[in-house]
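Just below is one structure, and these are the notes that go with it.
All values reported here derive from a predicted model rather than from experimental measurement. We're numbering straight along the sequence, starting at 1.
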Amino acid sequence: MTEIKIYNTKARAKEVFTPIDPDNVRLYVCGPTVYDRAHLGNARPVVVFDVLQRLLRHVYGAEHVTYVRNFTDVDDKINATALARKEAGAKGTLEELVHERSNETIAWYLKDMGALGAEEPDHMPRATEFIAPMIAMIEDLIAKGHAYEAEGHVLFAVESYKNYGALSGRSVDDMIAGARVEVAPYKRNPMDFVLWKPSSDELPGWDSPWGRGRPGWHIECSAMSHDLLGSSFDIHGGGNDLQFPHHENEIAQSKCAHPNADFARYWMHNEMLQVEGKKMSKSLGNFFTVRDLLDQGVPGEVIRFVFLGTHYRKPMDWTEKKRVEAEATLRKWYAQADRALDNAEPYSSVIDAVADDLNTSKALAEIHQLSHADDVPTLRASLKFLGLMGDTTPDWAAAPSVDLSDLATKLHETRLTAMQTKDFSAVDALKSALIAAGVQVRMSKVGVDLEPGPDFDAEKLNEI
């Protein structure tokens, strides 16, 4: 069996991955807050952990892996959008409009991520579907002395968990100094965070022992992961911006609620994304969504290729140069892979690269080498393994439909004549002209086979 190594943020080291149960490998990834279109940075963890779940399924078997990625559909930004719609005359209650907005943005998200080759997780829970488990977990934390009620809020008592800060490696004093801590008179400690907060009558809310309200952000993932994966599971992933406070708070809640369990044994975090060397922001004019790129004609496979070109633990820089190079490379690989008639296993060196802490840049380098070997079945299988190709070549990269039979006949007859005269200059000239036009030329004793290649230019054929 392939040995998988991953960098465990909790251990600050690369470790051999050993699942709790090889027949039930469990992965939880923090998903989006669904208030708008996913921007390019939102897509990076989706692609990173899609590669991971593909690797896990390849090694342990598809039926032995459970992949969960949640949707946060309780949020002030969603409420604000729904309220703006209601004020603009939209029909329905505010709660109905919130639900409508969530459904809309979730559909956008799944379509856009699907365009990047991301497979849908086994479970995609919505926070609003797990309010009862959240309330039960909060009640348990209060009963165990880890949380307290204050002015309609319930807060987690950070001082009650002695290992708080272990994931991010910060002391509580450091975290107070470096974080935007909400100062509230009802907090016993500035670092205490909200598990439950009041909701006004016009905003979405649920009845609870502490009055009508809604959950805090951090409790959502603790409750959903516990319900779907158990109190101990294998891998928890997300962007490194979630390491503190979100993941730190998840650990505190979950370990206090289930003190004899591991919660997540391995923690994986991807680095952030830049655009042309700068942080993506609306003020710099370099902020765009995945849908913006797709609508501009940038294929999803190209976006994925650019992502895979940088190791997930390094900052990734999206550039126009990378986009152009990625499209050209994929066109060439697809032209080769399209000739595969047999099924094959992915290239072992590609698997080994991905198994070494998701070294996708090395995996792409291995595919470059493979493309020169002309082992098209293995090339095709390797592209599928990385999510760069489905069962068929993408429409945007498909070879154009063109009849080259007359030119094939002409080259064949010219070659037959040259074999008699021993003068192959005309053959070489015609072959060179075809190659310059982007035509792939294959000659044998029985004839000539011509196919449009990835750089095919029909206009250059007029010069032949």
Side-chain angles (χ1 to χ4, degrees), residues 1-11 13-31 45-70 113-114 116-125 221 224-238 254 261-270 304 307-308 311-313 343-364 366-367 370 377-378 380-391:
M1 181 178 286
T2 301
E3 182 180 78
I4 298 175
K5 293 181 179 179
I6 56 178
Y7 185 88
N8 186 357
T9 307
K10 184 170 67 172
K14 191 189 292 188
E15 299 180 331
V16 174
F17 172 67
T18 305
I20 299 169
D21 178 1
D23 290 330
N24 184 21
V25 182
R26 287 158 286 175
L27 166 66
Y28 185 93
V29 175
C30 288
V46 175
V47 172
V48 166
F49 292 105
D50 180 65
V51 172
L52 176 61
Q53 66 92 21
R54 286 170 182 267
L55 173 67
L56 294 173
R57 294 184 196 281
H58 179 83
V59 173
Y60 295 99
E63 69 278 11
H64 298 304
V65 175
T66 304
Y67 174 26
V68 179
R69 187 184 65 220
N70 75 295
M113 298 307 107
L116 304 188
E119 297 175 332
E120 292 189 3
D122 300 290
H123 301 283
M124 296 183 286
C221 289
M224 288 187 282
S225 64
H226 179 264
D227 256 39
L228 294 168
L229 299 177
S231 55
S232 297
F233 57 92
D234 296 298
I235 303 172
H236 195 314
S254 297
D262 293 325
F263 188 41
R265 297 181 70 189
Y266 299 85
W267 287 84
M268 297 179 69
H269 294 93
N270 65 275
R304 187 182 182 96
F307 280 5
L308 298 185
H311 192 272
Y312 78 96
R313 287 193 289 112
N343 293 323
E345 287 294 308
Y347 189 32
S348 60
S349 295
V350 172
I351 300 295
D352 291 343
V354 177
D356 184 13
D357 195 31
L358 302 189
N359 194 340
T360 52
S361 57
K362 183 178 180 182
L364 292 179
E366 294 293 344
I367 292 184
L370 180 63
T378 304
R380 187 184 191 93
S382 300
L383 290 172
K384 291 178 72 173
F385 169 72
L386 286 179
L388 290 170
M389 187 175 188
D391 292 330

Work out which heavy atom in [X] is nearest to a heavy atom in [Y]; give both atom names and the distance.
X	Y	value
A381	P346	CB-N, 3.7 Å
L55	L358	CD2-CD2, 4.3 Å
S232	A261	OG-CB, 3.3 Å
T2	A355	CG2-CB, 3.7 Å
V59	M1	CG1-CG, 3.5 Å

Can you confirm whether [X] sits close enough to [Y] that some side-chain heavy atom of one is under 4.5 Å from a side-chain heavy atom of the other?
X	Y	answer
I367	L386	yes
R265	I20	yes
F385	Y347	no
D23	Y60	no
P125	N70	yes
F49	N270	yes
L27	V65	no

W267 and N8: CA distance, side-chain angles, deciding distance, side chain to side chain contact (heavy atoms under 4.5 Å, CB included) verdict: CA-CA 5 Å; W267 287 84; N8 186 357; 4.0 Å; yes
At what distance, to the nearest 0.5 angstrom, does [atom1] of [X] lie from [atom2] of [Y]?
X	Y	atom1	atom2	value
D356	I4	CG	CD1	11.0 Å
C30	H269	SG	NE2	8.0 Å
L56	Q53	CG	CD	8.0 Å
R380	L388	CZ	CG	13.0 Å
S361	E366	OG	CD	10.5 Å
R304	M389	CZ	CE	14.0 Å

From CA spacing to verdict: side chain to side chain donor-acceptor pair (under 3.5 Å), S225, D227: CA-CA 6 Å; S225 64; D227 256 39; over 6 Å; no
Criterion side chain to side chain contact (heavy atoms under 4.5 Å, CB included) on Y7 and Y266, from CA distance to verdict: CA-CA 8 Å; Y7 185 88; Y266 299 85; over 6 Å; no
Worked verdict on R69 versus D50 for salt bridge (Lys or Arg N to Asp or Glu O under 4.0 Å): CA-CA 11 Å; R69 187 184 65 220; D50 180 65; over 6 Å; no
Derivation and outcome, side chain to side chain contact (heavy atoms under 4.5 Å, CB included), residues T360 and V47: CA-CA 11 Å; T360 52; V47 172; over 6 Å; no
When you measure from the side chain of [X] to the backbone N and O of [Y], does any donor-acceptor pair fall under 3.5 Å?
X	Y	result
N359	V354	no
R26	L229	yes
R313	M268	no

Flag if over 12 foreign heavy atoms under 6.0 Å of CG, N343: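 For N343, atom CG is not crowded (no more than 12 foreign heavy atoms under 6.0 Å).
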Within 6.0 angstrom of K10 NZ, more than 12 heavy atoms from elsewhere: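 Yes, the 6.0 Å shell around NZ holds more than 12 heavy atoms from other groups.
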Side chain to side chain contact (heavy atoms under 4.5 Å, CB included) assessment of F17 paired with V25: CA-CA 11 Å; F17 172 67; V25 182; 3.9 Å; yes
Side chain to side chain donor-acceptor pair (under 3.5 Å) assessment of D357 paired with Y312: CA-CA 9 Å; D357 195 31; Y312 78 96; 2.5 Å; yes
H236 and F233 aromatic ring geometry - parallel, tilted or perpendicular at 30°/60° bounds: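 Taking H236 first and then F233, their aromatic rings sit tilted (interplane angle of 30° to 60°).
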